[in-house]
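Here's the structure we're looking at; comments come further down.
Count residues from 1 along the sequence. Each ligand, and each atom within it, is numbered from 1 in the order the structure gives. No hydrogens, no waters, no symmetry mates; every other heavy atom, side chains included, goes into these values.
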Amino acid sequence: MCGIVGYIGTKKACPILLAGLSRLEYRGYDSAGVSTIEKDELSLMKDKGRVKNLSNLDGIDKLEGTIGIAHTRWATHGKPSKENSHPHQDNSKTFSVVHNGIIENYNELRNFLLDNGYTFYSQTDTEVIPNLIHYHYTKDTQNDDLKFLRAVKNACLEFKGSFAIEVISKLYPDNMIVVRQDSPLVIGTCEDEKYLSSDIPAILSYTRDFYLLNDLEFVVLTNTTAKFYDKNLNEIEKQTQNIEWNACSAEKDGFDDFMLKEIYEQPTAIRETIGSKISLNTKCEFDELGFTKDYLSNLNKIYIVACGTAMHAGLSGKNAIEKLCRIPVEVDIASEFRYRDPIIDEKTLCIFISQSGETADTIAALKLSKEKKAKTLAISNVIGSSITREADYSIYTHAGPEIAVASTKAYTSQVMLINILAIYFAEVLETCTTSYLNELKKDILELPKKIEETLKCNESIKNFAKQIYQEKDVFFLGRGIDETVAREASLKLKEISYIHSDSYAAGELKHGPIALIENDITVISILTDANLIKKTVSNIQEVITRGAKTLIVTNKEIDNSMFNFVINIPDTNCFISPILSIIPLQLLAYYISKEKGLDVDKPRNLAKSVTVE
Ligand code: AGP
């Protein structure tokens with residue numbers, strides 16, 4: 001939820017750290033801070049509010065140190081304030097620490113430290129970290145090269161919860177120690193510089209060579225070296241990974257906001273996600289999976305588990321897998337799944353979808369499924385992310401970095417990939433004819449062009465947004481696959497425009513929610529399934545009768561006269577229609593947010609990557 005960056009090299013650290021924080025601000029933006037080593041002393045500057053407040057602090061431009069750590073916060077323990085901002089230091093100001101995650105047993109540790117004479121100045125869980133490191137450091141009677149590392153390690157082994165931590169000390173002006181457990185942290189490496197960050201895009205402009213850390217791997221960095229240790233402090237070998245994304249894809253490229261840019265990147269994201277997996281008359285390629293007919297036909301169930309938008313993509317996966325492969329699929333919200341004692345065994349395949357690959361609930365659900373002996377398959381956008389390192393199998397969307405908190409291109413890429421997965425399963429199982437699947441593949445290959453076509457609704461949507469941006473409630477309706485899109489559209493609207501909205505299965509309206517329909521309320525419906533259109537139109541008729549104004553997104557010829565506003569999108573196979581039908585509704589959420597003058601990319605209370613439970 002928070003963002004951390006670090007630098008150790010030959011240049012002034014502070015400007016690099018501030019630039020990194022600005023790129024990570026989507027992860028949290030209620031306060032920010034930086035600490036560098038200045039002539040054997042630790043500097044510490046922090047403030048409430050955005051990174052630009054920090055950049056304007058008196059004296060920050062005077063920091064000369066070439067090693068430093070920085071943090072942008074999304075408050076969990078303690079309100080946003082200067083005292084609660086990171087970095088935090090121990091009482092003797094020997095160690096500075098930034099932390100992303102939650103130390104669940106911090107109360108216990110705080111009491112222990114209070115009993116040992118330590119004082120606390122913030123309400124955060126993080127403040128126990130530097131003090132516990134200091135405690136272990138002073139108790140250690142050995143004075144060898146590993147003393148600093150040992151103190152960090154001994155402290156970390158006492159923590160319960162999740163953490164990505166960077167530590168610097170005035171006693172070790174050439175070193176930084178970092179470690180992670182269930183929270184993201186990557187190390188970018190160049191010849192005489194090391195860049196650290198919660199995610200890859202923030203430091204892509206410096207390097208494409210990264211070390212990806214596993215849980216409880218401790219790293220001692222100098223500007224030229226990176227030494228890795230396991231939790232028993234045995235040295236371990238680690239290779240760098242080369243990341244293909246380029247730095248431009250993490251910039252706005254002339255768009256006003258990342259969200260709009262990412263909406264417009266969807267033709268490329270879908271093209272890249274399809275890659276070489278789909279071609280007519282040849283079977284889908286998933287070399288990394290290699291599932292046999294025997295394995296798939298013996299499955300009793302597939303679970304698709306995810307959060308938020310990724311879960312909505314999972315719903316479209318259920319539709320495709322059940323219809324093409326005739327395997328029962330259950331879709332679950334990760335935070336519910338992990339606590340409801342799900343029925344899982346070795347005949348269950350559990351699929352986890354996560355753009356970031358770092359969502360705490362999704363990772364925990366995956367670990368639970370493994371314990372219960374299911375095979376686990378991760379779908380992520382981030383190579384080497386936690387979820388992909390935990391899962392038995394991983395496949396990737398190729399949407400490129402998604403920076404805006406509201407997910408757009410990641411969603412459509414997830415819908416794409418899970419549909420391709422369904423085709424792959426159907427081919428292995430031989431549950432569909434080649435000609436039927438070929439028709440679907442043809443539609444998939446035409447999608448990038450059709451997305452470009454769909455994006456042309458931009459101006460009409462902008463106008464409609466002007467008409468409804470002051471509304472208090474908006475409803476979304478759909479049936480079948482369109483109902484899954486209604487859910488996603490409703491989430492998009494509420495998260496960036498702060499308008500209350502809800503989505504309903506159109507046929508369910510008359511069982512209660514229709515009581516909410518009153519004169520002039522906006523009801524938005526998606527109509528792409530030829531078999532269900534008439535039924536949904538009848539439900540829309542019911543809300544029109546009660547005074548609603550209606551926006552329709554459709555790919556079919558319908559009588560437009562009864563609706564206030566109709567957006568026509570290109571026709572395609574029902575399984576993949578969400579990839580087109582969501583686009584006008586992503587744009588609608590975007591333009592409503594703009595009309596209201598809100599921060600589209602960083603909506604209030606939200607963070608891009610939810611690494612806490
Ligand atoms: C979508 O716009 C969200 N901001 C949110 O629902 C997101 O999809 C969810 O938190 C899951 O994230 P993940 O895909 O990185 O796991």
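You'll find the side chain of Arg180 stays beyond 4.5 Å of the side chain of Ser162, heavy atoms only. By the 4.5 Å heavy-atom criterion applied to side chains, Thr528 and Val485 are not counted as neighbours. Two residues are said to be in side-chain contact when any heavy atoms from C-beta on lie closer than 4.5 Å; Ser354 and Phe352 fail this criterion.
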Ile395 and Ile420: side-chain contact (heavy atoms from CB on, under 4.5 Å), yes or no, with the steps?
CA-CA 11 Å; Ile395 56 176; Ile420 299 175; over 6 Å; no

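Looking only at heavy atoms of the protein, atom 10 (O) of ligand 1 is closest to Val610 CG2, 4.0 Å. Here the protein heavy atom with the shortest distance to atom 9 (C) of ligand 1 is Cys307 O, 3.6 Å. Atom 12 (O) of ligand 1 has its closest protein heavy atom at Thr359 OG1, 3.5 Å.
Residue Lys492 has at least one heavy-atom neighbour below 4.0 Å for each of these atoms of ligand 1: 1 (C), 2 (O). Each of the atoms 6 (O) of ligand 1 lies under 4.0 Å from some heavy atom of Gly308. Contact atoms of ligand 1 toward Thr309: 1 (C), 2 (O), 6 (O), 8 (O) (distance under 4.0 Å to a heavy atom of the residue). Near Ser354, with a cut-off below 4.0 Å to any heavy atom, the atoms of ligand 1 are 13 (P), 14 (O), 15 (O), 16 (O). Each of the atoms 8 (O), 14 (O) of ligand 1 lies under 4.0 Å from some heavy atom of Ala310. Each of the following atoms of ligand 1 lies closer than 4.0 Å to a heavy atom of Ser407: 1 (C), 2 (O). If you number the atoms of ligand 1 from 1 as listed, the ones under 4.0 Å from a heavy atom of Ala406 come out as 2 (O).
One finds no salt bridge joining Lys367 and Glu371 here, because no Lys/Arg side-chain nitrogen approaches an Asp/Glu carboxylate oxygen to under 4.0 Å. Looking at Arg389 and Glu217, no side-chain N of the basic residue comes within less than 4.0 Å of a carboxylate O on the acidic one, giving no salt bridge. Residues Arg271 and Glu452 are paired through a salt bridge, judged by an N-O separation under 4.0 Å between the basic side chain and the carboxylate.
Checking Met311, Glu495, Gln355, Gln586 against atom 2 (O) of ligand 1, the nearest heavy atom belongs to Glu495.
For Tyr393 and Phe286, the distance between ring centers is not under 6.0 angstrom.
Considering both main-chain and side-chain atoms, Val405 comes within under 3.5 Å of ligand 1 through a nitrogen or oxygen pair. For Ser356, a nitrogen or oxygen atom sits less than 3.5 Å from a nitrogen or oxygen atom of ligand 1, counting backbone and side chain alike.
The side chain to side chain donor-acceptor pair (under 3.5 Å) test applied to Lys373 returns no partner, not counting sequence neighbours.
Neither the backbone nor the side chain of Glu358 has a heavy atom within less than 4.0 Å of ligand 1.
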